[in-house]
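We count ligands from 1, going down the list as the structure has it; atoms in each ligand are counted the same way. Excluded from the calculations below are hydrogen atoms, water molecules and symmetry mates; all remaining heavy atoms, backbone and side chain alike, are included.
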Amino acid sequence: EPGQPVGYDAWRGVWVFVEQNQGEAQPVSWELLGAGRKLADDLGVELCAVVLGAQVAHLADMAFGYGADKVYLVDNPVLARYRTQPYLHAVESLVRKYRPEIVLIGATGLGRDLAGAAATRLETGLTADCTGLSIDKQRRLLEQTRPAFGGNIMATILTETARPQMASVRPYVMPCPPYQPGRSGPIIREPLGLCEEQITTKILEVIPLAGEGTIDIASAQVVVSGGRGMGAAENFRLLEELARVLGGVVGASRGAVAAGWAPHGRQVGQTGQTVRPRLYIACGISGAIQHLVGMQDSDRIIAINKDPTAPIFEVAHLGIVGDALEIVPVLTQKLRECKAEIVPH
Ligand SMILES: Cc1cc2nc3c(=O)[nH]c(=O)nc-3n(C[C@H](O)[C@H](O)[C@H](O)COP(=O)(O)OP(=O)(O)OC[C@H]3O[C@@H](n4cnc5c(N)ncnc54)[C@H](O)[C@@H]3O)c2cc1C
C-alpha cells in the first residue's frame, strides 16, 4: 500500500505505561488509558497496560478497570523505587518481545526520563507533551499533536519510519475515564532479567520536597491565577484570599513568575504546569497562547482584565472587564458572605 512503511505489520497494539510510586499509581496513567482506548478501538487492536514495580499486582486490576484489555506485569524488588537502568531494561525487553505499535507515557519527571531513554534505546521517535492523539486510519499512523515554535502553532507529528510510535502526555491534559469495576483480563507476567548487583545506581535516601512553591497546582480543583496585571507581588495576597475562600490554590502566568511575584512551581502554561480544574480564574493575564495551552481545558474559566480585547476572553466562559485589584476583593467578600449564609456560625 502506498505510503505504508514496510515491515510494521508485526507491531500491533497500544500500550500505556502505568507510573506508580510505592504502589500508588499516577492518575496520568489512567488518563492515558482513556486516550489509548480510543486509539486501540480505531486501530482494532488491544489496549495494554505495562505495570512495573515491587508488589504492584493490584495496579493490574486497576488498569483493567480503567480500560486495559491486557496487562504486562514485571513485579520485582529491584523495581521498588524508580531508577532509569532497571525500568529501561524492563520496557525495552517487553517492547522488543511483544512489539506494540504505540507506547504512551505520562510526561511527569519519571515519565520524561523513561520515555526519552526508551526511545533512544529503541531507535524510534518520541513526541513529548502531546495535547492531542488520534489515528490516521488509512495509514495506521498515530497523529501526535503538540504546540510548536513557542506555542504559536499546533504541529501534528508522525513517526512514519520506526516502531513503536512513542508519545508523552502531561497530567490533566486528557480526561480520566470512568472506572469500571469488575473488568478483568489476562496478566502476562515477565521476569525482569536483571539483579541488584548489575545496577550501577543505588538509592541512599529519599528526601521529599517541601515548601510553598511545591503546592500541586496541577491537581487543584480551583486555580486563581495572577499575571503582570496584578501590578506587584503584594497584590498576590488578594489572590491568596480568593483562592482560600474557594478552597483553591494560586497559580501564575510566566509574566508574574518572571517578575518574581510567584515561584516557578505555580506557573501555568507551556513551560509550567498544565491544569484542568473545575474553575480557573485568570486575573490580569493577557492570554498568550503559551498560557492558554496550560489552562484552556478547565471546566469553567473566568477572566478579569482591563483590556476588553485581551485574548484571554476568547477562552473564558465568563469575562469581567475591569481592574482586578478592585474586582478580586469584592468577589472574595461576596463569596465569604454567601458561604456565611450557607454555613451560619
Ligand atoms: C517558549 C515560550 C514559553 C512560554 N511559556 C509560558 C508559560 O508556560 N506560561 C505563561 O503564562 N507564559 C509563557 N510564555 C510567555 C507568554 O508568551 C506571555 O509573555 C505571558 O504569558 C504574559 O504574561 P501576562 O499575561 O501575565 O502578562 P501580559 O501579557 O503583560 O498581560 C498583562 C495583562 O494584564 C492586564 N491588566 C493590566 N492591569 C490590569 C488590572 N489592574 N486589572 C486587570 N487586568 C490588568 C493587561 O490588559 C494585560 O492583558 C512563554 C513564552 C515563550 C516564548
* Asked: Looking only at heavy atoms, which two atoms of S225 and L239 are closest? And how far apart?
  ->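 Closest heavy-atom pair between S225 and L239: C-CD1, 4.1 Å.
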
Within-cut-off N or O pair, [X] and ligand 1, under 3.5 Å:
| X | answer |
| --- | --- |
| G284 | yes |
| A288 | no |
| G287 | no |

Let me have the donor-acceptor pairs involving side chains of residues 318-332, under 3.5 Å, with sequence neighbours excluded, atom names and distances please.
unit_1	atom_1	unit_2	atom_2	d
D323	OD1	L325	N	2.9
T332	OG1	V328	O	2.8

* To do: Select one of side chain, backbone, both or neither to describe which atoms of I289 lie under 4.0 Å from any atom of ligand 1, heavy atoms only.
  =>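 The answer is neither.
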
Provide the number and element of each atom of ligand 1 under 4.0 Å from a heavy atom of [X].
| X | answer |
| --- | --- |
| G227 | 26 (O) |
| G255 | 23 (O) |
| G269 | 7 (C), 8 (O), 9 (N) |

* **E190, K70, R12 screened by side-chain hydrogen bond (donor to acceptor under 3.5 Å, both in side chains) with Y98, the one that passes** =>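 By the side-chain hydrogen bond (donor to acceptor under 3.5 Å, both in side chains) criterion, Y98 pairs with just one of E190, K70, R12: E190.
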
Option set [options], criterion heavy-atom distance to [atom], minimum:
| atom | options | answer |
| --- | --- | --- |
| atom 46 (C) of ligand 1 | N305, D323, D307 | N305 |
| atom 8 (O) of ligand 1 | L325, T271, V257 | T271 |
| atom 7 (C) of ligand 1 | R228, Q267, E326 | Q267 |

* **Derivation and outcome, side-chain contact (heavy atoms from CB on, under 4.5 Å), residues D129 and S168** => CA-CA 5 Å; D129 294 347; S168 73; 4.2 Å; yes

* Using a strict 4.0 Å threshold on nitrogen-to-oxygen distance, state whether R183 and D69 make a salt bridge. =>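 Here R183 pairs with D69 in a salt bridge, since their nearest N and O are under 4.0 Å apart.
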
* Could you go step by step and tell me if T145 and T131 meet the side-chain hydrogen bond (donor to acceptor under 3.5 Å, both in side chains) rule? -> CA-CA 6 Å; T145 302; T131 52; over 6 Å; no

* Residue of the set I285, V315, T274, V223 for which side chain to side chain contact (heavy atoms under 4.5 Å, CB included) holds with M295 ->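 That would be V315.
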
* Asked: At the 4.0 Å heavy-atom cut-off, does G322 count as touching ligand 1?
  ->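 Within the 4.0 Å threshold, so yes.
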
* Applying salt bridge (Lys or Arg N to Asp or Glu O under 4.0 Å), name anything that partners E234, two or more places apart in sequence or on another chain. =>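 Applying salt bridge (Lys or Arg N to Asp or Glu O under 4.0 Å) to E234 gives none.
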
